[in-house]
Amino acid sequence: MSHFSIKNGVMHAESVSLQRIAEQFGTPAYVYSRAALTAALAEFQDVLNAHPVGAGALVCYAVKANSNLAVLNLFARLGAGFDIVSGGELERVLAAGADPRKVVFSGVGKTAAEMQRALEAGIFCFNIESAAELERLNAVAGAAGKKAPISFRVNPNVDPKTHPYISTGLKEAKFGIAYDDALVLYQRAAALPNIAVAGIDCHIGSQLLDPAPFVEALDRILALVDQLAASGIRIHHIDLGGGLGIKYQEGQVQPTVASYLNPLLDKLAGRGVQVVLEPGRRLVGNAGLLLTKVEFLKPGEGKSFAIIDAAMNDLMRPALYEAWHDILPVVRRSGEVRAYDVVGPVCETGDFLGQARPLCIEAGDLLAVMSAGAYGMAMASNYNTRPRAAEVMVDGDQVFEIRRRETVAELYAGEQVLPA
Ligand code: LLP
């Protein structure tokens, strides 16, 4: 069920019309649905709870997908843990009320300061991505008089068959340690005084619509777990990363969480390991949209443009990955339908949110750019000195501003001219 729907000809988020949101908070604005966020997490929790292996599993929401405090706080209240990739994300989840014992720390370039802070907070696990990182963590933990729990992020060399910029599990990727190096590195870790081997981790890519590569990756990981056991190293948890895709286009079918997870959980039966997951997009992607207004129509001979007040700085995905987002009018009108390139005011040819979209619109109309809850605001920039959009969360018939629109003055507040 979508939490964004047409009621009396007007698109609503839950019970609130997007027209009302635009009047109250202006555009562009990110609009999230609390019920949609809750339902997305519940889909994971329900599948896990229904499976004997799933009990005690830890769902660590990948903060990078959408790091607004209200989103993090909602997930924390619902029992989720978090997958972080920076000291900044650590501070965010702590500020949002997360339980640090449910936090995993991923990423290839953790600094000593970030490691120290995470140790101090008492996180669940560091996902280690290189031999050098292991040595640094051992040193930092030693200086702090602590033992750091670790997993290695192992690269299973599986093709996730997704966009190359968001594939991570292939040999060529900068992520993870090579499969063939894993045994030696685990032995090294087991011998280090300030490291505690806790688990094993993999993340093969993002926006996977076919669950098969996840199964392939798990098979490779389990073979390694057996080798490790034979050499006396016990793995307590298996972190399967994130990556489950969502429907971006009307008519597209997204795999259910059950069809993705159950085959994986079946394979883990009898192994006595805890399951950890790091879903990002799947928890937030279809729980948000970008609300924008048409500034001008520019009909042309070759192409017609709808110039909107949102741009590539607000939603980078189309420019960066040629990603598709459905673009729907908030109020349907009848009249001539034309194919528009829906573009922003930024001075780049790549500044489009959609191309050749059949729309019946006029200047001043509101448009909803759908499926924008993941990697939308989180990747927004201030390019062209554009303040970042407001973010609001709808809960039933109520709307809460969860991040106010930036002001222009804030954008250069930290800058300084040279002395005269
Ligand atoms: N765990 C790790 C280690 C990751 O690197 C990622 C995403 C996730 C979990 C969450 O993956 P998800 O469940 O969201 O697929 N900006 C791109 C996506 C980049 C994904 C980066 N890593 C996009 O807009 O499509």
Side-chain angles (χ1 to χ4, degrees), residues 30 37 40-41 43-44 58-67 71 75 80-86 89 93 103-110 124-130 133 151-156 160-170 173-177 199-211 213-214 217 221 238-249 254-255 257 260-261 276-288 290 312 314-325 353 369-381:
Y30 276 97
L37 294 165
L41 180 61
E43 195 185 353
F44 276 84
L58 190 54
V59 179
C60 293
Y61 165 62
V63 173
K64 63 169 81 71
N66 184 326
S67 55
V71 173
F75 286 149
F82 298 93
D83 167 43
I84 59 167
V85 291
S86 70
E89 288 190 352
V93 298
V103 171
V104 297
F105 196 166
S106 305
V108 295
K110 300 175 196 77
F124 178 71
C125 193
F126 290 85
N127 292 340
I128 300 295
E129 305 215 20
S130 64
E133 188 192 346
S151 278
F152 280 105
R153 174 168 175 187
V154 176
N155 198 332
K161 302 182 188 85
T162 181
H163 191 283
Y165 285 11
I166 49 178
S167 296
T168 48
L170 280 168
K174 73 173 176 184
F175 302 99
I177 59 164
I200 192 164
D201 165 43
C202 75
H203 169 80
I204 57 175
S206 199
Q207 184 52 16
L208 274 73
L209 291 173
D210 173 8
F214 290 113
I221 294 294
I238 299 189
D239 180 339
L240 298 166
L244 184 62
I246 61 165
K247 163 182 159 184
Y248 274 103
Q249 202 167 349
Q254 65 181 26
V257 172
Y260 148 72
L261 269 187
V276 178
L277 302 167
E278 302 172 356
R281 188 190 318 266
R282 185 61 182 238
L283 295 187
V284 292
N286 274 326
L290 175 59
M312 66 187 289
D314 298 300
L315 181 61
M316 269 190 43
R317 305 192 69 259
L320 197 54
Y321 316 113
E322 296 172 310
W324 177 283
H325 288 260
L353 296 189
V369 183
M370 307 304 291
S371 310
Y375 306 109
M377 184 62 173
M379 293 173 74
S381 80

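Counting convention: from 1, in listed order, for ligands and their atoms alike.
A donor-acceptor contact shorter than 3.5 Å is absent between the side chain of Asn127 and the backbone of Arg153. No donor-acceptor distance shorter than 3.5 angstrom exists from the side chain of Gln254 to the backbone of Ile246, with no hydrogens or angles considered. Checking side-chain atoms of Asn286 against main-chain N and O of Lys247 turns up a donor-acceptor pair under 3.5 Å. Proximity of a side-chain donor or acceptor of His325 to a complementary backbone N or O of Met370 within less than 3.5 Å is detected. At least one donor-acceptor pair closer than 3.5 Å links the side chain of Glu89 to the backbone N or O of Val85.
Near Arg281, meaning under 4.0 Å from any of its heavy atoms, are these atoms of ligand 1: 12 (P), 13 (O), 14 (O), 18 (C), 23 (C), 25 (O). Each of the atoms 8 (C), 9 (C), 10 (C) of ligand 1 lies under 4.0 Å from some heavy atom of Ala62. For ligand 1, the atoms closer than 4.0 angstrom to any heavy atom of Arg153 are 3 (C). For ligand 1 and Asp83, the ligand atoms under 4.0 Å from any heavy atom of the residue are 1 (N), 2 (C), 9 (C). For ligand 1, the atoms lying closer than 4.0 Å to a non-hydrogen atom of Gly242 are 9 (C), 13 (O).
Side-chain rings of His203 and Phe175 stay apart, their centers remaining 6.0 Å or farther from each other.
Between Ser106 and Asp83, the side chains place a donor N or O and an acceptor N or O closer than 3.5 Å (distance only, hydrogens not considered). Side-chain contact check for Arg282 and Tyr61: no donor-acceptor pair (N or O, by modelled atom type) lies under 3.5 Å.
At under 3.5 Å, not a single nitrogen or oxygen of Arg282, backbone or side chain, sits near a nitrogen or oxygen of ligand 1. Residue-to-ligand polar distances place Tyr375 within reach of ligand 1: an N/O pair is separated by less than 3.5 Å. For ligand 1, one of its N or O atoms has an N or O atom of Tyr321 under 3.5 Å away. Geometrically, ligand 1 and Gly280 share a nitrogen or oxygen pair separated by less than 3.5 Å.
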Q. Passes side-chain contact (heavy atoms from CB on, under 4.5 Å), Phe214 versus Leu240? Steps please.
A. CA-CA 8 Å; Phe214 290 113; Leu240 298 166; over 6 Å; no
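For the pair Gly243 and ligand 1, a heavy-atom separation below 4.0 Å is found. Judged by the shortest distance from any of its heavy atoms, Lys64 lies inside the 4.0 Å radius around the atoms of ligand 1. Ligand 1 has at least one atom lying under 4.0 Å from a heavy atom of Pro279.
For the residues His203, Met316, Glu129, the heavy atom positioned nearest atom 8 (C) of ligand 1 is part of His203.
Looking at Asn127 against ligand 1, nothing comes within 4.0 Å, counting heavy atoms. Neither the backbone nor the side chain of Phe175 comes within contact range of ligand 1; no heavy atom lies under 4.0 Å. In Glu278, the parts holding a heavy atom less than 4.0 Å from any atom of ligand 1 are both the side chain and the backbone. Only the side chain of Arg317 comes within contact range of ligand 1, with a heavy atom under 4.0 Å; no backbone atom does.
For the pair Val276/Phe124, a side-chain contact is recorded, criterion being any heavy-atom separation below 4.5 Å from C-beta on.
Ion pairing between a basic and an acidic side chain is recognised when a charged N comes within 4.0 Å of a carboxylate O; Glu129 and Lys110 show no such pairing.
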